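Start at 1 and go down the list; that is how both ligands and their atoms are numbered. Remember, it's a predicted structure, so these values are computed and weren't measured experimentally. Below, each value reflects all heavy atoms present in this structure, side chains not excepted, and no hydrogens, waters or symmetry copies. Residue indices begin at 1 and follow the sequence shown.
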Amino acid sequence: MSSSQSIVLSKKRAIVLGAAGYSGAELVQLLSQHPAIELVAAYASAGREPEAFCSLYPRYTGQLELQVLPWQDTLLEGLAERAELAFLALPHEASEALAPKLLAAGLVVFDLSGAFRLKDPALYPKFYGYDHAHPDLLAQAPYGLAEWISTDQLAQSLFAVAGCYPTASALALLPLVRAGLLAEGAVPVISAVSGVSGAGRKASLSTSFCEVGLAAYGFFGHRHRPEIEQTLGRSVVFTPHLGNFKRGILATISVGLKSGVSPADVSAAYLHSYQHKPMVRLVNRSPNVADVAGTAFCDLYWQQDGQQLVVVSAIDNLLKGAAAQAVQLANLKFGFGESTGLLAGGYRD
Ligand SMILES: NC(=O)C1=CN([C@@H]2O[C@H](COP(=O)(O)OP(=O)(O)OC[C@H]3O[C@@H](n4cnc5c(N)ncnc54)[C@H](OP(=O)(O)O)[C@@H]3O)[C@@H](O)[C@H]2O)C=CC1
Ligand SMILES: CC(=O)N[C@@H](CCC(=O)OP(=O)(O)O)C(=O)O
């Protein structure tokens with residue numbers, strides 16, 4: 001048997017829920033080209049008629065023949081015979097309700113929403129506006145920041161894929177935190193700008209073409225603040241901004257370093273963390289969202305002046321901040337190469 005035949009025979013079968021939305025569509029595109037995962041079905045909400053994926057996203061016409069079907073819970077019956085993995089690109093509460101059913105049906109679940117990211121259930125009413133219905137599952141759902149997930153965590157079956165702004169922020173700050181380089185009591189200040197696809201495909205006045213310029217929002221109370229703080233184990237000031245571009249996040253972060261921490265210490269921390277991580281690029285000029293849009297990379301760059309450090313992090317919110325990170329986690333869980341299915345492609349505006 002040739003090696004290509006053995007890959008085909010061991011393919012994992014996957015479904016995508018939320019396939020009509022922006023991050024779900026990215027999952028469909030990535031999984032349809034993945035050499036070790038087979039996309040067997042894609043679903044949107046129950047109210048929809050079946051519709052060709054390329055009718056929802058015409059850029060895929062002639063490339064991706066697939067129907068997006070309405071999801072119904074009756075599909076859970078016998079689902080494990082048709083698929084092993086479920087990727088959820090749904091609103092938080094829809095994921096919270098559906099993930100336990102998919103787990104009970106025997107599937108491994110990668111949830112792109114925030115439904116299982118925070119480990120303290122008391123944070124859900126404050127930051128998500130509802131009480132968590134399955135607090136017992138929070139501890140069983142590893143936080144899915146792919147570069148930092150442990151082998152033990154990969155044995156679990158429900159993955160809370162990290163949020164978009166938190167991915168950009170935590171990839172920039174965790175090397176410094178883990179190396180003990182931050183000044184005691186230092187509060188990283190994170191200013192991040194997102195493209196409009198971060199708000200999803202549904203129509204709203206605040207994200208319509210004539211309304212979007214560049215503005216901050218979510219001061220102190222955005223749900224990504226506790227998510228970033230949980231990952232870092234320290235307080236942050238996080239201010240998101242909405243910019244008038246389609247996709248990408250640029251996070252500019254300033255933080256104080258411990259007395260005596262040198263530029264060589266900072267470089268060593270980043271190299272130690274990422275020199276063997278294919279999806280993080282330590283770049284030698286200030287990152288540009290144009291260079292990561294349509295890719296699964298996070299670009300990181302920093303400059304130090306005395307004990308003050310500024311780190312800049314750029315990702316595509318729909319890829320490294322959502323769909324590609326979910327696929328990266330699946331690659332890690334099933335022992336495929338970490339970047340499998342993530343390096344092809346190019347800019348998709
Ligand atoms: N956009 C981004 O940059 C990022 C998004 N995320 C998260 O991913 C998730 C999806 O976001 P995004 O792609 O932006 O959202 P969209 O609004 O673009 O898409 C949401 C999708 O969910 C489907 N859906 C809604 N309710 C249900 C339901 N009850 N049952 C089944 N399907 C349902 C919708 O179907 P229909 O079209 O038929 O209504 C649609 O396909 C969210 O939790 C978001 O927080 C995470 C990181 C980044
Ligand atoms: C521009 C914009 O509106 N961005 C969204 C965050 C993107 C997202 O969907 O958040 P998760 O990563 O938590 O899933 C927001 O601020 O709510």
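Counting only residues at least two apart or on different chains, the side chain to side chain donor-acceptor pair (under 3.5 Å) pairs with a member in residues 177-197 are Ser197-Asn317.
Ion pairing between Arg82 and Glu77 fails under the 4.0 Å rule for side-chain N and carboxylate O. Classification of Asp299 and Lys320 as a salt-bridged pair fails, no side-chain N sitting under 4.0 Å from a carboxylate O.
Among protein heavy atoms, the minimum distance from atom 38 (O) of ligand 1 is reached at Arg48 NE, 2.4 Å. If you check which protein heavy atom lies closest to atom 3 (O) of ligand 1, you get Asn317 ND2, 2.9 Å. Summary of contacts: the protein heavy atom closest to atom 47 (C) of ligand 1 is Gly321 O, 3.1 Å. Of the protein's non-hydrogen atoms, the one nearest atom 25 (C) of ligand 1 is Pro91 CD, 3.3 Å. Looking only at protein heavy atoms, the nearest one to atom 5 (C) of ligand 1 is Ser23 OG, 4.1 Å. Nearest protein heavy-atom contact of atom 45 (O) of ligand 1 is His92 CE1, 3.3 Å. Looking only at heavy atoms of the protein, atom 15 (O) of ligand 1 is closest to Gly200 CA, 4.0 Å. The protein heavy-atom contact nearest to atom 40 (C) of ligand 1 is Gly21 N, 3.8 Å.
When ring centroids are compared, His241 and Tyr217 stay outside the 6.0 Å threshold. Ring centroid separation for the pair Phe116 and His132 comes in under the 6.0 Å cut-off.
Proximity of Gly198 to ligand 1 is established by a heavy-atom distance of less than 4.0 Å. Heavy atoms of Leu17 come nearer than 4.0 angstrom to ligand 1 in no pair at all.
We find the CD1-CG distance between Ile253 and Leu309 to be 9.5 Å, quoted to the nearest 0.5 Å. Rounded to the nearest 0.5 angstrom, Glu93 CD and Ser113 OG are separated by 10.0 Å. Taken from OH in Tyr124 to CG in Leu118, the straight-line distance is 4.0 Å, to the nearest 0.5 Å.
Within ligand 1, the atoms closer than 4.0 Å to a non-hydrogen atom of Leu112 are 6 (N), 7 (C), 8 (O), 46 (C), numbered from 1 in the order shown. Of all atoms in ligand 1, numbered sequentially from 1 with element shown, those under 4.0 Å from a heavy atom of Ala20 are 37 (O), 41 (O). Taking a cut-off of under 4.0 Å to the non-hydrogen atoms of Cys164, the atoms of ligand 1 that pass are 48 (C). Interface atoms of ligand 1 facing Ala322, defined by a heavy-atom separation under 4.0 Å, are 47 (C), 48 (C). For ligand 1 and Gly18, the ligand atoms under 4.0 Å from any heavy atom of the residue are 21 (C), 22 (O), 23 (C), 41 (O). The Tyr22 neighbourhood of ligand 1 comprises atoms 13 (O), 18 (O), with distances under 4.0 Å to a heavy atom of that residue. Residue Ser113 approaches ligand 1 through these ligand atoms, each under 4.0 Å from one of its heavy atoms: 43 (O).
Side chain to side chain, Glu338 and Gln328 meet the donor-acceptor criterion of an N or O pair below 3.5 Å. Side-chain contact, Gln29 with Gln63: no donor N or O sits under 3.5 Å from an acceptor N or O. In summary, the side chains of Gln325 and Thr167 do present a donor paired with an acceptor at a separation below 3.5 Å, with no hydrogens or angles considered.
For a heavy-atom separation below 4.0 Å, the residues in contact with ligand 2 are Leu112, Arg117, Gly163, Cys164, Tyr165, Ser194, Gly195, Gly198, Ala199, Tyr217, His222, Arg223, His224, Leu242.
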Q) Run the salt bridge (charged side-chain N to carboxylate O under 4.0 Å, His left out) check on Glu227 and Arg117 step by step: do they pass? A) CA-CA 7 Å; Glu227 186 178 330; Arg117 291 183 199 148; 3.0 Å; yes

Q.
Using the rule given for salt bridge (charged side-chain N to carboxylate O under 4.0 Å, His left out), can you reason through Glu84 versus Arg13, listing the C-alpha separation, both sets of side-chain angles and the distance that settles it, and then say yes or no?
A. CA-CA 5 Å; Glu84 291 113 330; Arg13 291 163 301 163; 3.4 Å; yes

Q.
Apply side-chain contact (heavy atoms from CB on, under 4.5 Å) to residues Phe219 and Thr239 and explain how you reach the verdict.
A. CA-CA 6 Å; Phe219 298 87; Thr239 312; 3.9 Å; yes

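Contacts with ligand 1 closer than 4.0 Å are made by heavy atoms of both the backbone and the side chain of Arg201. Contact annotation: for Ala94 versus ligand 1, heavy atoms closer than 4.0 Å belong to the side chain alone.
Stacking of Arg48 on the aromatic ring of Tyr43 is not recorded, the 6.0 Å distance cut-off and the 45° axial limit not both being met. A cation-pi arrangement is present between Arg281 and Phe297, with the terminal nitrogen or guanidinium carbon under 6.0 Å from the aromatic centre and inside a 45° cone about the axis.
Between atom 33 (C) of ligand 1 and the options Thr167, Leu27, Leu90, the minimum heavy-atom separation is to Leu90. Taking all heavy atoms of Gly248, Ala89, Ser197, Gly163 into account, the minimum distance to atom 20 (C) of ligand 1 is reached by Ala89.
For a threshold of 3.5 Å applied to N or O pairs, the pair formed by Ser45 and ligand 1 contains at least one separation below that value. Residue Leu318 has no nitrogen or oxygen atom sitting less than 3.5 Å from a nitrogen or oxygen atom of ligand 1, judged on distance alone.
The aromatic rings of Tyr274 and Trp148 stand perpendicular to each other, their planes meeting at an angle above 60°, with 30° marking the opposite boundary.
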